[in-house]
Each structure stands twice: as structure tokens, then as C-alpha cells.
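Written out below as C-alpha cells is the structure these notes cover.
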Amino acid sequence: MANRELREVPMSKAVRVRFAPAPTGYLHVGGARTALYNWLFARHHQGTFILRIEDTDQVRSTEKSVGGILDSLRWLGLDWDEGPEVGGDLGPYFQMQRLHFYRAAAERLLEEKKVYFCYCTPEELKERREAALARRETPGYDRRCRELSPRERATLEAQGRKPALRFAMPLEGETVVHDLVRGDVHFANQQLDDLIIMRADGFPTYNFAVVVDDILMQISHVIRADEHLANTPRQIRIYEALGHPPPQFAHVSMILGLDRTKLSKRHGATSVSDHRDAGYLPEAMVNFLALLGWAYDDKRELFTPEELIEHFSLEKVNPAPSIFSDEKLEWMNGVYIRQLEPEELAKRLLPFLKEAGLEADMETIRRLVPLIQERMKVLSAGVELVDFFFKEEIAYDPELLMGKKMTAQESHAALKVTSERLERLPLFDEENLEKALRRLADDLSLTAGQLFGIIRIAVTGKKVAPPLFGTLAVLGRKRALWRIDLALDHLARLARSE
RNA sequence: GCCCCCAUCGUCUAGUGGACUAGGACACCACCCUUUCAAGGUGGUAACGCGGAUUCGAAUUCCGCUGGGGGCACCA
């Protein structure tokens, strides 16, 4: 890595950063991390975090996607100081509402002869590009329209061709990107081709719109994904043509899928909303994402947002790409679930149970939470931990009702006595249940595992369930006995065929 | 094809020439605890891609190679 001895924030300069998603899909974890780093940086430096929607791709941009991205950001707790729904002095914050700015800037560049009309059609360009690639040559634009005479232009226009505007890149020399995470990156200007800044339809392209907006919005630091590094020298040239010094750049690495390619749909759940629906907590998500490419030291990895703000710095951002895998996120989510106040966990659990079609009520969930809080990695997993509490009937495999190394008959006998004792138990609470059932196991010369296993299946239908005594207590005597009766029927049937 | 970025356990990472027999976390394995499952505790397996150079000394610096990724759109 080259020198990174660039000062993160020059003295006396207000920090203004932005997250600028294209609304062409959901917010995925890579975008979320970029947004998070921008947000942390802004908050750390008491700066301003701006949200700008880059919707100039009219074909792929959708309103629904804007809403989804806003929701995801809000869910993560990444609040923006300027942008959609909150406004700001340097808006509007949708690029489609800023067209006059791009047109004015383009106009100026045209007057100064820093851009030129290109009459090549998209089809022609595509064809030439593909031909070049087929010949294993560099596919860049060949600049054939750069030096057109007025006469040639007139001819082309007479053909009905609508020109696009291209930026005249310098033909020699080099452009250096001073990057806060990568040091100085050099590009030969020969590599920079004359990119289109305004399409024939009058709409700006990305590389032009970002520069104009970042100037107008007084952005001090551009923190974005590595995939934009190659665009940066071109953008620097545009800043220069517009007579404005470029901001500081920080290109953070990309987040890759398990197969080490750019994260995409086929990698499964990669959007923030997918994770929300799966029952991840935003606080876990934020903590985890912060640690993907950044570390505070060699020990700590649990941070509140406030602590992240306090410690975050671009200098410690890792330039190497990292792979997104849920394993650690799951663990961390479990940690956060366990840290939740029981009442809070109950609240968060409710929608998941409803979603699963269970008629869950807060009253019952509150009693359940202590039994399951440390048994969940994601909220959605709570459903199968407690569904039997909310169902009238439970289905299960009768074979499971047989205790370890026991016959159906022996199991039946044990359960029968259990039923009788439970019926007579004066107080049907956790403490008394435990006392009574332990004694019973003793009396029957069964191990705790044998007896409790039978009861667990009888009452929950599952081999894996919350702790038995608490479960019985919440279930209540009546329902517990009713289920045990049913299990006895099953066992009786099994015993007959033994 | 050209340009650019990157390279420490399977994964996230610590590490800026000697304190490294390379540390932590997740995952994995074993044991303990235990009514199942978790949680918790203890221990363990596991990495500096390769080759040169600089140096008394290199995970750390330089060069090359290899590997991975990204870009080369009238997408962003």
C-alpha cells in the first residue's frame, strides 16, 4: 500500500459526506456498510450526513426502491441531516430534480470547449466496443468526434443524429488520486477515455452528475466502494474543468460473497430488509457491518453506535475486500438478543409470531421470553421455539414418546403416574413442578433424562424445546394434562403392537 | 486485451523491522455444566500465497510471480 499519510480532515474544513444510492433495488449489505461508514465519519467529526438519490437511470430507477432504501437506512438508525423527507439548504436531493444544474455546468464546459458533441449512436458504439473486445483490444472510445469540423457536424446532424456531450480528457500526463484508505493511486491519462457527460436525451451520466452535485453540495469527503476508484481520475479531471478542487476520497473495499465475487442476489439474503425479516436486530447489523473492514483493536468487537462513532476512523479501514458470511453475524445477533430487556424482546418477537400465523398475545409472550431468550440467534427462530404454546393441537411422531431404552408400555406407565401426580400437585408452578417430577423420576427408578424426555414430547411434540418446568407452568395444568392424555392414547396403541 | 485495487487461520481481523513459539473473535472439535436445546466454562485444531532483494534481524520494506477482485456503458 502506498503512503496513507494524508490528513483525514484538514483543519477548519466542515465535514460533509453523502451516501448516494441509485434506487434500482434494495439496499444491500455492501451499500449499508458504505452508508454506515459515511454516517460514522460524519458523526465522529460533528459533520453533516447527506442522502442523495441518484435516479438518473430512468429505466431502472423505481419509487418503490427509494422507499425501501429509506426504510432500511432508518431501520439501521442511520439518520441523515439533509436529503429526502428532511430537506436541506443545498437540495433538491433527487438528481432528476437537479437537471438544470447539470445542464448549466455542461453549457459552461461547452463554451470553454472542454467538451464536444459526439454523434455516434449507442448501437455503433456497442458494435465497435464488442469488435475491439473480440480483437482483444482496449474497448475505449476512439475519439472520432473530438475534432469534427462544423461541416462534418452539419452533415451528421442532417442525418438526424442527436449528439451526446463528451468530455475531452487530457491525452497525456497522469492523474493521481489521493485516497484516504489506499494512498496515492496513479493513472496514465491515456487510459482515460472521453466519457459521455450528457446523453443525447439531455440527461446527465453518473460521472458528471456526481461531480456537479458533490461540488454544489460542498461535499468534503467522498467515501464509497472500491468499484468507483477507476472512475475517480476522470472525475478529478471534471472537477478541474469546473474550476473546483476535488474532495478527499476514500475508497473502501467491496464486500464479496462466499465465492469471492461481487455480492449479488444469487448469494442469497444480501439485502438489509432480508435480514430484518429473518429476525436480525439492527443493532447487531450495525455492529457487524462496522467490523467488516474496520477494527478498533485486537480485543473489542461489541460496540454501541455511540462507541463506534467515538472510535471510527478511515485510517483504520482495511483496504482488502472482505467476504460477507452470516456465521458471525448470527452469533452477534444472539448476543444482542440476550442483552435485550425481556419486555423489549417480547415486543420485537410479537410481529414474527403473528407473521407465522400464531395467535400470540403479549401476556403469554412475556412469560415465554425468559424461557427462550438465550436460545435464539434470530427472532424468526423464536417461532418454532414457542409455537406449541399457541396451538390447540400438536402433531408428533408417537415413537418419540418412548423414553430412552424404554418400551412403549414402560413409557406409558411412567406417563400415567406423571399425569396423576400433576393432577394432585397443589401449586402448578415451576418450582413445585421441578420438585415433584424429580421425586417422581426417583420413585420410578428412571433417570431425569428418561422421564423428562417423555413428558417433553408429550407436552410440546418436540425433542428440542424450552426448559420443561417453565414450559409446563406457562402451559397450565389443564392444557398440560390434556396433552399428556393424548400422548397416553398414542402410547397405549404402541404398547398393544409391541 | 488494457488499466487499477487487494493478499495473515475456513471467515472477520490484530499486527507498521526485534516484545511473534503470529494475538482475538466466529465457525469447528473435545471436555465440563445439564431434563432436551441453548447459554456459560475449560482446552484444542487452524494462517503470514510463492520466489528473490534490503537488513544483524522481516508477517511487517522493495521487486517479480501467482492468485483473487474491480473497471474499461448514452448503468450507477
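Convention: sequence-line order gives letters A, B, ...; per-chain numbering from 1.
When only modelled atom types and interatomic distance are considered, A/His251 and A/Asp226 share no side-chain donor-acceptor pair under 3.5 Å. In summary, the side chains of A/Tyr116 and A/Asp194 do present a donor paired with an acceptor at a separation below 3.5 Å, with no hydrogens or angles considered. Under the 3.5 Å distance criterion, with hydrogens and angles disregarded, a donor-acceptor pair is assigned to the side chains of A/Glu157 and A/Tyr119. In the model, A/Tyr206 has no side-chain atom that pairs as donor or acceptor with a side-chain atom of A/Asn231 under 3.5 Å. For the residue pair A/Asp259 and A/His267, a side-chain donor N or O sits within less than 3.5 Å of a side-chain acceptor on the partner.
As rounded to the nearest Å, B/rC20 and B/rU36 have P atoms that lie 42 Å from one another. When the P atom is used for both B/rC9 and B/rA47, the distance is 9 Å, rounded to whole Å. B/rG68 and B/rG49 are spaced 15 Å apart, taking the P atom of each and rounding to whole Å. Nucleotides B/rA22 and B/rC5, compared at atom P, are 32 Å apart to the nearest Å. When the C1' atom is used for both B/rC32 and B/rA38, the distance is 16 Å, rounded to whole Å. Taking atom P in both B/rG51 and B/rU60, one finds a spacing of 13 Å when rounded to whole Å. Remark: the separation of the P atoms in B/rU16 and B/rA59 is 13 Å, to the nearest Å. Comparing B/rU13 with B/rU8, their P atoms are spaced 9 Å from each other, to the whole Å.
No hydrogens or angles were tested; on distance alone, a donor-acceptor pair under 3.5 Å links the side chain of A/Arg60 to the base of B/rC75.
Base pairing analysis places B/rC28 opposite B/rG44; the two distances defining the Watson-Crick or G-U wobble pair are each below 3.5 Å. Taking a pair to require two hydrogen-bonding distances under 3.5 Å in either a Watson-Crick or a G-U wobble arrangement, B/rC75 remains unpaired. Nucleotide B/rU55 forms no Watson-Crick or G-U wobble pair with any nucleotide shown, as no partner meets the under 3.5 Å limit on both distances. Under the Watson-Crick or G-U wobble criterion, with both distances below 3.5 Å, B/rU36 is left unpaired in every strand shown. Look at B/rC50: its Watson-Crick or wobble partner, with both distances under 3.5 angstrom, is B/rG64.
Between A/Phe312 and A/Tyr37, a ring centre-to-centre spacing shorter than 6.0 Å is recorded.
If A/Glu227 and A/Cys118 are placed on RNA chain B by their nearest nucleotide, the residue sitting closer to the 5' end is A/Glu227. Both A/Asp297 and A/Pro467 lie near RNA chain B, and the one whose nearest nucleotide falls closer to the 5' end is A/Asp297.
Look at A/Lys328 and you won't find any side-chain N or O under 4.0 angstrom from OP1 or OP2 of B/rU13.
Rounded to a whole Å, the CZ atom of A/Arg224 is 13 Å from the P atom of B/rG71. Computed from coordinates, the A/Trp294 CH2 to B/rG24 C1' distance equals 15 Å when rounded to whole Å. Spacing between atom CG of A/Leu229 and atom P of B/rC72 amounts to 12 Å, rounded to whole angstrom units. Here B/rC37 presents its P atom at 21 Å from CD of A/Gln373, a figure rounded to the nearest Å. Between A/His228 atom NE2 and B/rC75 atom P there is a gap of 15 Å when expressed in whole angstrom units. Between A/Ile457 atom CD1 and B/rU35 atom P the separation is 17 Å, expressed in whole Å. Between A/Ile196 atom CD1 and B/rA76 atom C1' there is a gap of 15 Å when expressed in whole angstrom units. In this structure, CZ of A/Arg260 is placed 12 Å from P of B/rG70, rounded to the nearest angstrom.
Within the 4.0 angstrom heavy-atom criterion, only backbone atoms of the sugar-phosphate kind lie near A/Lys262; the bases stay farther away. Counting any heavy atom pair closer than 4.0 Å across all strands shown, A/Phe469 reaches a base atom. Counting non-hydrogen atoms under 4.0 angstrom, A/Thr261 reaches the backbone sugars and phosphates but no base.
For the pair A/Arg166 and A/Tyr141, the distance from NZ or CZ to the six-membered ring centre is under 6.0 Å and the angle to the ring normal is within 45 degrees.
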